[in-house]
Visitor: 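To start, I am sharing the structure in question, which I have written as structure tokens.
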Number of protein chains: 2
Amino acid sequence: MKNISKSQSKVLNCITDWVKAHDYPPTLRELSKLTGFKSTWTIRYHLNNLQEAGYIKLKKGFSRGIILMKNVFGIPVLGSISAGKPVDAIENIDGQIDLSNMFKDQKDMFALKVKGDSMQDAGIFEGDIAFVKKQLTAQDGEIVVALLDSEAVVKKYYLTKSGIKLVPANQKYQPIISKNAQIIGKVVGIIRKYSGRNI
Amino acid sequence: MKNISKSQSKVLNCITDWVKAHDYPPTLRELSKLTGFKSTWTIRYHLNNLQEAGYIKLKKGFSRGIILMKNVFGIPVLGSISAGKPVDAIENIDGQIDLSNMFKDQKDMFALKVKGDSMQDAGIFEGDIAFVKKQLTAQDGEIVVALLDSEAVVKKYYLTKSGIKLVPANQKYQPIISKNAQIIGKVVGIIRKYSGRNI
DNA sequence: ATATTTATAGCACATTTGTGCTATTATGTC
DNA sequence: GACATAATAGCACAAATGTGCTATAAATAT
């Protein structure tokens with residue numbers, strides 16, 4: 001991304017602030033008030049430049065037709081932290097996590113609250129939220145959600161001659177081999193929150 | 001939430017669809033086209049009812065002043081899955097995960113890509129993204145990010161007479177006691193993606 | 001069958017909003 | 001200092017947009 005002038009970043013910051021607060025973009029005149037620039041033309045001037053620099057996209061003729069390119073709700077991912085420097089030193093930022101886009105493809109996705117400790121050794125604990133992509137088949141070694149005796153279980157999947165083998169990641173439990181286990185989906189990710197509720 | 005009529009849910013669905021596609025709410029006339037209702041008054045009629053039912057909030061005088069109460073980008077969380085019934089049977093939905101709001105309080109938050117296997121037994125693996133809330137102190141037993149010899153480490157925190165004790169969750173590694181370890185923040189959650197990149 | 005409520009349409013109007021143009025002020029550059 | 005360029009202001013205007021009102025159709029109750 002090109003670097004931008006002071007005025008341009010002022011406008012950009014006002015847009016992101018507004019979006020954070022309202023969940024929708026501002027109009028030219030709202031930006032005019034926020035930035036202090038008294039002419040809508042000045043705003044458009046900067047908006048056009050911001051668009052050329054790749055920071056926003058403008059929809060002609062639409063009110064509030066400003067689309068931010070950088071996701072507002074992202075969280076910075078730090079690559080490394082070194083002593084002395086403050087944590088928010090920009091140089092260390094490795095990327096930006098956009099939680100909204102983290103598990104896109106959402107129409108074929110659902111989430112499941114994990115019960116029990118059978119997948120403990122795979123780092124999936126009781127209370128974790130598992131993100132599941134709906135599919136009826138799986139490949140060996142993938143972690144799946146399967147329907148077994150009208151109960152949903154999270155296990156590792158293997159296909160054997162005698163049927164589907166569902167392997168827990170915990171020595172306390174035994175693998176299950178079943179001919180009528182039904183695969184519901186594949187676990188594509190998990191999320192865990194250490195304090196407070198997850199939902 | 002109150003239950004709503006067929007027309008009302010039609011309008012609501014059109015709004016959510018629009019927001020998913022555009023990232024900002026529609027105008028009355030755009031909704032008119034989407035729903036097929038030919039009068040803007042009809043739209044307002046339903047919008048007012050949707051507001052009373054608590055599904056949206058209307059900002060008077062603002063163009064596109066519709067605020068959705070349920071987060072659009074949420075993923076349904078299934079409480080239980082039972083045999084026979086299709087996965088998306090609505091009755092099973094336990095809640096809705098709103099990833100954007102999952103780790104709010106974002107100005108004091110950052111994320112960190114976990115390196116190494118020292119927290120393996122706590123279910124934190126290499127490659128996981130840890131969400132960290134910036135703070136300079138911690139309580140016994142909490143998982144913290146600490147600065148040790150100009151390197152950031154993720155460990156369990158304990159305070160002892162001889163200094164800060166940082167305990168890994170892996171028998172392969174030994175606890176570290178240090179007088180000049182500096183707490184950067186507390187790990188409030190983790191997220192893991194099983195295939196593909198995380199950022 | 002009649003009355004009442006609910007749902008939809010149509011239209012006029014004031015306000016909001018993006019657009020286009022010209023003028024003025026700063027900021028450099030030679 | 002003269003000149004060119006960038007940045008800001010002001011204003012007029014048409015299109016978009018929310019608001020308010022009345023009329024009509026459909027559904028429901030009496």
Side-chain angles (χ1 to χ4, degrees), chain A residues 1-69 72, chain B residues 1-69 72:
Chain A
M1 289 245 196
K2 290 177 190 174
N3 50 348
I4 51 181
S5 75
K6 209 171 176 181
S7 295
Q8 285 170 0
S9 69
K10 192 182 190 181
V11 173
L12 190 58
N13 286 333
C14 287
I15 298 173
T16 55
D17 285 351
W18 177 281
V19 171
K20 275 183 193 168
H22 298 82
D23 271 347
Y24 53 79
T27 63
L28 295 187
R29 279 163 185 84
E30 283 160 352
L31 274 178
S32 182
K33 275 185 190 173
L34 286 172
T35 57
F37 293 130
K38 284 159 193 168
S39 171
T40 56
W41 176 261
T42 306
I43 303 296
R44 291 180 67 206
Y45 180 79
H46 292 309
L47 287 182
N48 283 325
N49 290 337
L50 283 170
Q51 180 171 231
E52 274 192 39
Y55 286 85
I56 60 172
K57 231 181 202 174
L58 296 175
K59 274 199 155 184
K60 268 186 239 168
F62 278 66
S63 75
R64 307 181 186 281
I66 304 171
I67 298 168
L68 286 165
M69 291 294 100
V72 182
Chain B
M1 291 242 195
K2 288 177 190 173
N3 49 347
I4 52 180
S5 76
K6 209 171 175 181
S7 296
Q8 284 169 0
S9 69
K10 192 181 188 181
V11 173
L12 190 58
N13 286 333
C14 287
I15 299 174
T16 55
D17 285 351
W18 177 281
V19 171
K20 274 182 193 170
H22 297 82
D23 270 348
Y24 54 78
T27 64
L28 295 187
R29 280 166 184 83
E30 283 159 352
L31 274 179
S32 182
K33 277 186 189 171
L34 287 171
T35 57
F37 293 129
K38 283 160 195 168
S39 172
T40 56
W41 176 260
T42 306
I43 304 294
R44 290 181 67 205
Y45 179 80
H46 292 309
L47 287 182
N48 282 326
N49 291 337
L50 283 170
Q51 179 170 232
E52 275 191 38
Y55 286 84
I56 59 171
K57 232 182 204 173
L58 296 174
K59 274 200 157 187
K60 269 186 238 169
F62 279 66
S63 75
R64 308 181 187 278
I66 304 171
I67 300 167
L68 286 165
M69 291 292 101
V72 181

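Just so it is clear: chains get the letters A, B, ... in the order the sequence lines come, proteins before strands, and each one is counted from 1.
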Visitor: Is it true that the NZ or CZ of B:Lys10 lies under 6.0 Å from the centre of B:Phe37's six-membered ring and within 45 degrees of the ring axis?
Guide: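 Satisfied, under 6.0 Å and within 45°.
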Visitor: For A:Tyr45, which contact category applies under a 4.0 Å heavy-atom criterion: base, sugar-phosphate, or nothing?
Guide: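 Base, at least one base heavy atom under 4.0 Å.
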Visitor: What's the OH-P distance between A:Tyr24 and C:dT16, to the nearest Å?
Guide: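 Going from A:Tyr24 (OH) to C:dT16 (P), I get 14 Å.
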Visitor: Could you go through the side chain to side chain contact (heavy atoms under 4.5 Å, CB included) check for B:Ile66 and B:Leu50 one step at a time?
Guide: CA-CA 11 Å; B:Ile66 304 171; B:Leu50 283 170; over 6 Å; no
Visitor: Does A:His46 make a side-chain N or O approach to OP1 or OP2 of D:dA6 shorter than 4.0 Å?
Guide: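 It does not, given that no N or O in the side chain of A:His46 lies less than 4.0 Å from OP1 or OP2 of D:dA6.
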Visitor: State which residues pass side chain to side chain donor-acceptor pair (under 3.5 Å) with B:Lys38; sequence neighbours excluded, sorted by chain then number.
Guide: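 Listed in chain order: nothing, the list is empty.
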Visitor: Let me have a per-nucleotide readout for nucleotides 14-20 of chain D, 5' to 3', with B, S or -, counting only protein heavy atoms under 4.0 Å.
Guide: ---BBBB
Visitor: Whole Å only: how far is the CG atom of A:Asn49 from the P atom of D:dT5?
Guide: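 Answer to the nearest Å: 16 Å.
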Visitor: Between C:dT24 atom P and A:Lys38 atom NZ, what is the distance in whole Å?
Guide: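 Going from NZ in A:Lys38 over to P in C:dT24 covers 17 Å.
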Visitor: What's the CG-P distance between A:Leu58 and C:dT19, to the nearest Å?
Guide: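 Distance, rounded to whole Å: 8 Å.
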Visitor: Can you sort out the partners of B:Thr35 under side chain to side chain donor-acceptor pair (under 3.5 Å), two or more places apart, ordered by chain and number?
Guide: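 With sequence neighbours excluded, B:Thr35 shows a side chain to side chain donor-acceptor pair (under 3.5 Å) to no residue whatsoever.
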Visitor: With sequence neighbours left out, write down each residue that passes side chain to side chain donor-acceptor pair (under 3.5 Å) with B:Thr27, or none if nothing qualifies.
Guide: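 Expected list: B:Glu30.
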Visitor: Once side-chain contact (heavy atoms from CB on, under 4.5 Å) is applied, do any residues pair with B:Trp41, and if so which ones, sequence neighbours excluded?
Guide: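 In terms of side-chain contact (heavy atoms from CB on, under 4.5 Å), with neighbours along the sequence ignored, B:Trp41 is linked to B:Ser39, B:Arg44.
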Visitor: Using atom NZ of B:Lys6 as one end and atom P of D:dA26 as the other, report the distance to the nearest whole Å.
Guide: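 After rounding, the reported distance stands at 16 Å.
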Visitor: Test ring-ring contact (aromatic ring centres under 6.0 Å, His included) on B:His22 and A:Phe62 and set out the steps.
Guide: CA-CA 11 Å; B:His22 297 82; A:Phe62 278 66; 7.1 Å; no
Visitor: Quick one: CD1 on A:Ile56 to CG on A:Leu47, what's the gap to the nearest 0.5 Å?
Guide: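 The distance works out to 4.5 Å.
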Visitor: Over how many whole Å does the gap from A:Gln8 atom CD to D:dA6 atom C1' extend?
Guide: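 From A:Gln8 CD to D:dA6 C1': 11 Å.
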Visitor: Quick one: CZ on B:Arg64 to CG on B:Leu31, what's the gap to the nearest 0.5 Å?
Guide: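 If we round to the nearest 0.5 Å, B:Arg64:CZ and B:Leu31:CG are 10.0 Å apart.
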Visitor: Using rotation axes that map the C1' atoms of four end pairs onto the next four (five pairs an end), what angle separates the end axes of the helix from C:dA1-D:dT30 to C:dC30-D:dG1, to 10°?
Guide: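 Terminal axis comparison yields 30°.
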Visitor: Roughly, in whole Å, what's the span from CG in B:Leu50 to C1' in C:dT6?
Guide: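 Rounded to whole Å, this separation is 15 Å.
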Visitor: Send over the distance from B:Lys10 NZ to C:dT8 C1', rounded to a whole Å.
Guide: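 Rounded to the whole Å, the gap is 11 Å.
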